[in-house]
Amino acid sequence: QVQLVESGGGLVQPGGSLRLSCVASGFTFSSYAMNWYRQAPVKERELVASITSTGGRTNYADSVKGRFTISRNNAKNTVYLQMNSLKPEDTAVYYCNAFRRTDNDYWGQGTQVTVSS
C-alpha cells in the first residue's frame, strides 16, 4: 500500500527554521513529482512548493519564495522542505503530495507547523 509520512513539524519562534521530511513507500518514488501543500485554519489549501521527479526543476508560491527550499533524495524515497525565516502566517498543517500525470495523486497525513512567540 502507498504511504507518505511527514515529519519535522513543531513549534518554532518567528524567524526560526524547520526542516520537514516526507518518506514514501509503496510506489516508484523516482517516477513522481513531489509537492508540499499547506492548510491553515479557515483558509484554502495552498501549493507551497513542487519539484520534478529528478529534482531538476522547482517551483514556489510567492508567499514562501526566498525562504523555503524543496529538495528530494530518490535513493531514500524522501522529499524535504527547508523552511527559514518563518512567520506566524506560515502556521498550518503541511502535506506531502506525490503526482504523476498518468496516476491519481497520493497524500500524506500532514504535520503541524506552528510559528509563534
Side-chain angles (χ1 to χ4, degrees):
Q1 58 276 11
V2 170
Q3 278 195 313
L4 295 172
V5 181
E6 301 96 335
S7 63
L11 175 64
V12 65
Q13 293 185 3
S17 297
L18 285 173
R19 185 175 179 86
L20 306 184
S21 298
C22 172
V23 180
S25 60
F27 66 101
T28 305
F29 178 79
S30 60
S31 296
Y32 285 75
M34 298 298 299
N35 306 297
W36 285 98
Y37 288 82
R38 68 186 181 187
Q39 179 76 59
V42 200
K43 276 204 167 186
E44 292 185 353
R45 185 184 66 184
E46 177 186 20
L47 176 60
V48 175
S50 60
I51 188 167
T52 54
S53 60
T54 64
R57 295 182 185 181
T58 58
N59 195 28
Y60 300 92
D62 288 342
S63 58
V64 308
K65 192 171 296 183
R67 300 187 297 120
F68 290 11
T69 303
I70 188 171
S71 62
R72 68 191 295 159
N73 186 332
N74 284 351
K76 295 183 176 181
N77 284 5
T78 303
V79 62
Y80 307 93
L81 186 67
Q82 178 67 47
M83 305 186 295
N84 299 326
S85 302
L86 282 162
K87 305 174 180 180
E89 51 262 46
D90 295 319
T91 297
V93 177
Y94 284 72
Y95 296 94
C96 179
N97 163 262
F99 171 81
R100 189 168 67 172
R101 185 177 64 255
T102 58
D103 289 337
N104 294 126
D105 291 11
Y106 302 131
W107 292 87
Q109 297 287 96
T111 185
Q112 176 70 49
V113 171
T114 303
V115 185
S116 177
S117 58

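Start at 1 with the first residue, then count along the sequence. Worth knowing before you read on, the calculation uses all heavy atoms, side chains too, and leaves out hydrogens, waters and symmetry mates. From a predicted model like this one, the values you see are computed outputs, not experimental measurements.
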Quiz prompt | Carboxylate-amine/guanidinium contact Asp62 Lys65, below 4.0 Å | solution =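 Looking at Asp62 and Lys65, the cut-off is met.
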Quiz item: Side chains of Asp90 and Met83: closer than 4.5 Å at any heavy-atom pair?
Solution: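 Of all side-chain heavy-atom pairs linking Met83 with Asp90, none is under 4.5 Å.
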Self-check item: Close side-chain approach of Lys87 and Ser63, heavy atoms under 4.5 Å
Solution: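 No, every pair of side-chain atoms sits at 4.5 Å or beyond.
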What's the shortest heavy-atom distance between [X] and [Y], and which atoms?
{"X": "Ala61", "Y": "Leu47", "answer": "CB-O, 3.4 Å"}
{"X": "Ser30", "Y": "Ser53", "answer": "O-CB, 3.2 Å"}
{"X": "Val48", "Y": "Val64", "answer": "O-CG2, 3.6 Å"}
{"X": "Ala24", "Y": "Leu4", "answer": "CB-CD2, 3.4 Å"}
{"X": "Ser17", "Y": "Ser85", "answer": "OG-N, 4.3 Å"}

So, [X] side chain and [Y] main chain: donor-acceptor pair closer than 3.5 Å or not?
{"X": "Arg57", "Y": "Thr52", "value": "no"}
{"X": "Glu6", "Y": "Gly110", "value": "yes"}
{"X": "Gln109", "Y": "Val5", "value": "no"}

Quiz item: Taking the inter-plane angle between the rings of Tyr32 and Tyr106 on a 0 to 90° scale, is it parallel (under 30°), tilted (30 to 60°) or perpendicular (over 60°)?
Solution: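 Correct class here is tilted.
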Consider only side-chain heavy atoms of I, L, V, M, F, W and Y, link residues closer than 4.5 Å, and tell whether [X] and [Y] are in one cluster.
{"X": "Tyr80", "Y": "Leu18", "answer": "no"}
{"X": "Leu81", "Y": "Val113", "answer": "yes"}
{"X": "Tyr60", "Y": "Tyr95", "answer": "no"}
{"X": "Val12", "Y": "Trp36", "answer": "yes"}

Rounded to the nearest 0.5 Å, what separation is found between the [atom1] atom of [X] and the [atom2] atom of [Y]?
{"X": "Ser31", "Y": "Arg101", "atom1": "OG", "atom2": "CZ", "value": "11.5 Å"}
{"X": "Asn77", "Y": "Thr28", "atom1": "CG", "atom2": "OG1", "value": "9.0 Å"}
{"X": "Thr78", "Y": "Leu20", "atom1": "OG1", "atom2": "CG", "value": "12.5 Å"}
{"X": "Met34", "Y": "Phe29", "atom1": "CE", "atom2": "CZ", "value": "4.5 Å"}
{"X": "Arg38", "Y": "Thr111", "atom1": "CZ", "atom2": "OG1", "value": "14.0 Å"}
{"X": "Tyr94", "Y": "Ser7", "atom1": "OH", "atom2": "OG", "value": "15.0 Å"}

Practice problem: Assess Arg100 against Phe27: is NZ or CZ under 6.0 Å from the centre of the six-membered ring, and within 45 degrees of the ring's axis? | Solution: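 The answer is no, since Arg100 fails at least one limit relative to Phe27.
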Practice problem: Inspect the surroundings of CD in Glu46 and state if more than 12 heavy atoms from other residues, nucleotides or ligands are less than 6.0 Å away. | Solution: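 Yes.
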Quiz item: Is Gln112 atom CD crowded by more than 12 heavy atoms from other residues, nucleotides or ligands, each under 6.0 Å away?
Solution: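 Atom CD in Gln112 is packed in, count exceeds 12.
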Quiz prompt | Among Val79, Thr58, Asn35, side-chain contact (heavy atoms from CB on, under 4.5 Å) partner for Ser50 | solution =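 Only match with Ser50 under side-chain contact (heavy atoms from CB on, under 4.5 Å): Asn35.
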